[in-house]
Amino acid sequence: MDFESLHSANFKQLDDTVTDWTSMVSKLDELEREAREGLGGQAAKADWAGYNAAVSREFIGRTAGEFDDAHTQATSIRNILRDTRDELKTQQRLLKEAVERGRGKSLTVTSQGSGFTVVSNPDTDASDDSADASAAKALRTELQGILDRATELDASGSTALKALVDLTDYGFSGAEYQDRDAAAAALKEAEKLAALAKKNPEDLTVEEFDALNNGLKKYSGDELFAEHFATGLKASGTLDFWARLNEPSANPELFHERREQFDDLQKSLGLTLANATQSDTPAMTEWKREMVELGDKPVGRNGGMPFGVQVMSNLMRWGDYDDRFLGQYGDKLMDAERKLTDNGQHVAWQRMGFDPYLNRTGSDTGWDPMTGFMKALSNSPDAATDFFSEEFVGKDEDHKEALSNFDYLFEERDWPQDIDSEGEESNTGRNNMALALEAATTGHRAGELPTADTPAHNEKQAKLMESLVASISEDDERLTKHGYMSDSIGQIASEYLPDINRATTDTDPEDKAARERIEKLFPLAGSEAVMNHRDVSRFLLTVGQDPEGYAAVEVSQKAYMANLMDHHLNPDLPADQRYTGDRQLLVSEIAHVSGEVSGTLNVGRQEAVAGPAEESDKKYEQSVAQWKSGISGGIGTGIGVGVSFIASPVVGAAVGGGASTVSGLILEGLFQDAEGKAKDEAGAKMGEHWENGQDNNIKYTRNAAEEAAKAHGLPDSGDIGEWARTGSRDGYLAAGAYADRVAPELQTDI
């Protein structure tokens with residue numbers, strides 16, 4: 001910035017711009033609130049069905065979210081503009097004050113082209129030429145410093161604004177900055193840390209490692225920083241950095257001094273890169289293209305392993321990576337898998353004794369790229385659904401039928417042997433696959449519970465659920481031999497309870513009238529996972545053999561049953577949503593199906609307690625009790641995605657805490673019973689377990705029906721409770737008999 005530009009600057013246009021953006025921020029704040037409370041709120045409360053439940057509702061939710069991002073981006077732009085303007089005004093004031101001070105010392109400042117001159121006043125009778133020269137030099141230095149600072153402010157403000165706007169091709173960025181300094185600091189730090197990461201790891205000092213580690217930890221969530229860091233390092237530089245850093249011989253001193261902190265760096269670097277992939281700048285688009293291209297290329301110095309996917313997958317265990325990038329990356333990974341395994345005929349990615357660890361979390365060596373990639377998919381539901389639905393190999397002489405990525409990974413793949421940091425066998429790869437399946441089938445991140453904003457299941461998710469149930473039904477060892485996956489499989493099942501309950505009714509799909517009635521009995525939004533009774537029974541029996549899987553389904557089924565009672569016993573339920581006008585038939589049917597689900601789970605529980613697994617019955621009660629902390633926020637809110645109704649408040653129910661609904665009351669009792677039994681030694685006889693399970697199921701079902709009747713002021717709550725009791729008993733007993741017929745080989749002969 002030259003002298004005259006700053007000295008004579010008129011900031012009115014910039015003032016007007018700041019005013020306009022401030023007005024825009026206020027308008028967007030109002031629109032964001034209206035979108036969140038109005039558009040989004042109405043969408044959450046609406047009774048969605050079919051295509052609208054799976055697509056339109058999600059679109060509305062995302063649209064409402066865009067208003068929030070628009071407000072955030074507009075605020076950041078306003079803040080940067082305002083801060084830059086204020087600081088430039090300050091520099092203009094300092095410039096003019098310096099000129100005036102010089103005039104008082106008989107020094108004249110004159111604009112000259114793009115620069116300026118400082119000379120002594122020729123009319124002054126100077127007595128000391130050297131003093132005048134010194135004063136002129138000091139003033140010149142001061143003025144130049146002011147101009148340099150103004151130039152820096154102008155340039156950094158412009159850079160920050162351009163970088164902020166360029167982050168997304170469509171929509172708005174969620175990057176938030178209070179002032180120009182914050183945005184400028186993020187960009188400057190990104191350049192500094194990228195330069196450190198580009199250094200040869202052999203030359204990286206302990207101090208530089210600490211600066212890189214601390215900087216990434218601080219800025220990993222900053223969008224401007226993430227994009228500038230990633231594009232500054234480039235895709236090839238990212239792979240080279242992490243691969244070389246993990247070679248113990250590359251920098252022995254650093255490896256010895258900071259090896260225990262490599263896991264922190266791995267996480268912060270992964271989060272930074274995940275954040276960066278959400279950017280649409282040309283440089284970041286090239287980064288993503290190059291990373292995919294390098295996936296099947298050697299990163300090792302001697303032209304061998306590790307390949308790009310082996311290195312990068314270990315940095316993908318944290319954060320939300322761009323779905324499109326994950327799709328392209330997954331395609332490249334499966335291409336490499338096909339080549340190295342001869343279309344899945346043998347194992348690949350097996351680490352040899354001297355290969356370095358690429359994962360520093362301690363859970364596994366990181367040599368199998370599928371392990372880290374599955375964890376990335378567990379954080380990105382849409383990408384996970386698409387990935388598992390894609391074809392791995394087509395039908396040919398080696399494969400009698402085509403295999404999807406799900407078929408291959410869940411049923412066919414030879415997972416390489418792996419170890420953790422203690423040298424013990426690691427199951428992280430398969431466990432991460434289960435987490436990825438959880439995200440793929442449910443539509444939300446693994447490890448989380450569905451919320452009111454979680455979209456109903458779409459067709460791909462439902463089809464994947466159908467495949468999962470059929471696969472486990474076909475071969476129970478796909479789960480029982482890898483019981484650590486049961487918590488995820490149980491969570492999946494708990495969110496498909498409407499579909500599972502429908503399947504147990506054995507309704508003929510060709511009988512349209514009967515089918516319509518069952519759809520009313522077990523309402524769901526979105527796409528249904530259509531499964532047969534046999535597969536569902538064998539699936540539930542298998543899931544029930546693990547305490548965590550059992551708890552996830554059993555607790556959710558109790559809440560679902562209570563919600564159904566509350567929903568159907570509501571006298572205000574529209575006629576076109578009623579299953580039947582016969583209240584006894586209605587209650588009996590709900591109780592029967594719920595009893596069968598619980599009974600089947602208890603068959604599996606019996607098998608685990610008495611069979612080879614020798615699981616303590618106490619552990620089952622502990623798992624149920626532990627579910628209270630995870631599910632407490634969802635008590636009474638229609639557990640099971642696709643259930644759009646909310647349980648009504650319990651009228652006059654003597655319950656405490658958050659148990660203010662029918663399902664809340666039932667679950668409070670369930671948890672209290674589980675906590676009590678967990679403190680006692682388990683019984684030794686399978687018959688006692690079965691009878692206890694039956695008695696408890698009857699109690700909870702009867703209570704749910706009676707409390708729902710009371711909540712709606714129905715006069716025959718006693719009869720309703722009795723209908724629920726008999727229906728629950730019959731369904732529970734039917735579960736055992738049906739399991740004996742369709743799954744005799746899954747049970748121990750006592």
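What you are looking at is a predicted structure, and each value in this text was computed from that prediction instead of being measured.
- Between the side chains of Q266 and N359, a donor-acceptor pair is found at a separation under 3.5 Å.
- Using a 4.0 Å cut-off between charged nitrogen and carboxylate oxygen, R78 and D83 do not count as a salt-bridge pair.
- Side chains of L437 and S488 form no contact here, defined as non-hydrogen atoms less than 4.5 Å apart.
- When side chains are defined from C-beta on, D264 does not count as touching K267, because their heavy atoms never get closer than 4.5 Å.
- The stretch residues 182-196 participates, sequence neighbours left out, in no side-chain hydrogen bond (donor to acceptor under 3.5 Å, both in side chains) pair at all.
- No option in N251, N213, D210 other than D210 meets the side chain to side chain donor-acceptor pair (under 3.5 Å) test with R258.
- Between Q310 and L358, the closest heavy-atom pair is O-CD1, 3.8 Å.
- A tilted orientation is assigned to the rings of Y329 and F325, their planes being inclined by 30° to 60°.
- Using a 4.5 Å heavy-atom threshold, the side chains of I419 and E425 count as separate.
- A 4.5 Å side-chain heavy-atom check between D420 and S363 finds every atom pair outside the cut-off.
- A salt bridge links E337 to R413: one of the charged nitrogens lies within less than 4.0 Å of a carboxylate oxygen.
- With hydrogens and angles disregarded, a donor-acceptor distance shorter than 3.5 Å links the side chain of K297 to the backbone of E293.
- Closest of all the heavy-atom pairs between L273 and A230 is CD2-CB, 4.0 Å.
- The backbone N or O of F387 sits less than 3.5 Å from a side-chain atom of N405, completing a donor-acceptor pair.
- Of the possible donor and acceptor atoms, one in the side chain of R338 sits under 3.5 Å from a partner among the backbone N and O of F392.
- Scanning both residues, P201 and F241, for their nearest heavy atoms gives CG-O, 4.4 Å.
- No close placement of the F262 and Y357 rings is indicated, their centers lying 6.0 Å or farther apart.
- Counting only heavy atoms from C-beta outward, the side chains of W367 and P306 approach each other to under 4.5 Å.
- Contact check on E290 versus K234 returns no salt bridge, with no Lys/Arg side-chain nitrogen under 4.0 Å from an Asp/Glu carboxylate oxygen.
- Closest approach of L254 and V206 over heavy atoms only: CD1-CA, 4.0 Å.
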* Which is it for E411 and S404 under the side chain to side chain contact (heavy atoms under 4.5 Å, CB included) test, yes or no, and what are the steps along the way? -> CA-CA 10 Å; E411 301 177 355; S404 67; over 6 Å; no
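- Ion pairing of D418 with R351 is absent here, as no side-chain N (NZ or NE/NH1/NH2) approaches a carboxylate O to less than 4.0 Å.
- Panel note: side chain N200, backbone D203; no donor-acceptor pair is recorded below 3.5 Å.
- Nearest heavy atom pair, residue V347 against residue T341, reads C-CG2, 4.4 Å.
- No side-chain donor from either of R430 and N427 sits under 3.5 Å from a side-chain acceptor of the other.
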* Walk me through it: do F116 and E4 pass the test side chain to side chain contact (heavy atoms under 4.5 Å, CB included)? => CA-CA 8 Å; F116 65 94; E4 187 60 32; over 6 Å; no
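- R149 and E87 are joined by a salt bridge, as a carboxylate oxygen and a charged side-chain nitrogen come within less than 4.0 angstrom of each other.
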